[in-house]
Amino acid sequence: MSDGEPDSRSPGESGGLEVRRFATGDARAVHALDDAAMRAAGARGRGDEDLDSVAAGYLEDGGEFLVGILDGRLIAIGALRHVTDAVAELNRMRVHPGFQRRGFGRTILARLEHRASELGYRALRLHTPATQTPARRLYSTAGYREVGRGQLAGTEVVYFEKSCPV
């Protein structure tokens, strides 16, 4: 890897998905994917402020924002947000509804975990709506443990955590 940007190959390469760092020209497609995934999941969206400024919210603050491209189409996203020097939060894990259940979410997750280790994080945290059974299953099978439940914007969420390999 060079210049701190993730390599577009492994770990977690899946089904021809090219994974790379977000570029400014991806903004419209990222918004569209986020909207489509949230609608399909029946989830209420939160604000898009972080998507309106990916560089400031993620890339320039010790995080990462990855996009997955298949046949020239942006079909997956995932982000890593700096919380503390030791902890990062996974955000915006989305796969287009027409491309789910093909391992693309797992690929993005593996790449973000790898990047978190490169950045020196020792733990990853995330939350997902309790109703999102496939997402909860993904995180559980990837080694995340449930550490609590709560309410965010009127939605029951499940909090997960995982240690990063050093």
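Here the structure is a predicted model, which is why all the values come from computation and not from measurement.
- Annotation: the span from Thr155 atom OG1 to Gln132 atom CD amounts to 10.0 Å, rounded to 0.5 Å.
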ask   = Which is it for Glu64 and His114 under the side-chain contact (heavy atoms from CB on, under 4.5 Å) test, yes or no, and what are the steps along the way?
value = CA-CA 11 Å; Glu64 186 62 83; His114 181 76; over 6 Å; no

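- Between Ala142 and Leu109, the shortest heavy-atom contact is CB-CD2, 3.6 Å.
- Although no hydrogens or angles enter the test, the distance criterion places a donor-acceptor pair under 3.5 Å between the side chain of Asp26 and the main chain of Ala23.
- Taking 4.0 Å as the cut-off between side-chain N and carboxylate O, Lys162 and Glu113 count as a salt-bridged pair.
- Note on Val147: it clusters hydrophobically with Leu152, by side-chain heavy-atom contacts below 4.5 Å among ILVMFWY residues.
- Nearest approach of Leu33 to Arg94, heavy atoms of both residues: CD2-O, 4.2 Å.
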Intermediate values then yes/no, side-chain contact (heavy atoms from CB on, under 4.5 Å), Arg111 and Ile108 = CA-CA 5 Å; Arg111 293 292 304 282; Ile108 295 290; 5.8 Å; no

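- Using bins of under 30°, 30° to 60° and over 60° for the plane-to-plane angle, the ring pair Tyr139/Tyr144 lands in the perpendicular bin.
- Between Leu70 atom CG and Ile75 atom CD1 the span is 5.0 Å, to the nearest 0.5 Å.
- Interatomic distance, CG of Leu74 versus CD of Glu18, reported as 10.0 Å (0.5 Å rounding).
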message = What verdict does the side-chain contact (heavy atoms from CB on, under 4.5 Å) test give for Val157 and Arg149, after you've listed the backbone C-alpha separation in whole Å, the side-chain angles of each residue and the deciding distance to 0.1 Å?
response = CA-CA 6 Å; Val157 295; Arg149 289 179 179 241; over 6 Å; no

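- When all heavy atoms are compared, the tightest approach of Pro97 to Ala36 is CG-O, 3.7 Å.
- At distances below 3.5 Å, at least one donor-acceptor pair connects side-chain atoms of Gln100 with backbone N or O atoms of Val95.
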ask   = Going through the checks in order, is the side-chain contact (heavy atoms from CB on, under 4.5 Å) test met by Arg92 and Asp50?
value = CA-CA 10 Å; Arg92 299 289 182 175; Asp50 63 319; 2.6 Å; yes

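- Applying the side-chain contact (heavy atoms from CB on, under 4.5 Å) test between Leu112 and each of Val19, Leu124, Leu90 identifies Leu90 as the sole match.
- Qualifying salt bridge (Lys or Arg N to Asp or Glu O under 4.0 Å) partners for Glu161, counting only residues two or more places apart in sequence or in other chains: Arg125, Arg145.
- Nearest heavy-atom pair, Gly63 versus Leu119, reported as atom, atom and distance to 0.1 Å: O-CD1, 4.0 Å.
- The CG atom of Asp34 sits 12.0 Å away from the NE2 atom of His96 when rounded to the nearest 0.5 Å.
- In terms of heavy atoms, Phe160 sits closest to Ser140 at CE2-OG, 3.7 Å.
- With sequence neighbours left out, Phe65 forms a ring-ring contact (aromatic ring centres under 6.0 Å, His included) with Phe22, Tyr58.
- Judged by distance alone, the side chain of Thr141 and the main-chain N or O of Leu138 form a donor-acceptor pair under 3.5 Å.
- Interatomic distance, CE of Met93 versus CG of Leu80, reported as 10.5 Å (0.5 Å rounding).
- Interatomic distance, His82 NE2 to Tyr121 OH, rounded to the nearest 0.5 Å: 5.0 Å.
- Of the charged side-chain nitrogens involved, none lies within less than 4.0 Å of a carboxylate oxygen, so that Asp61 and Arg81 do not count as a salt-bridged pair.
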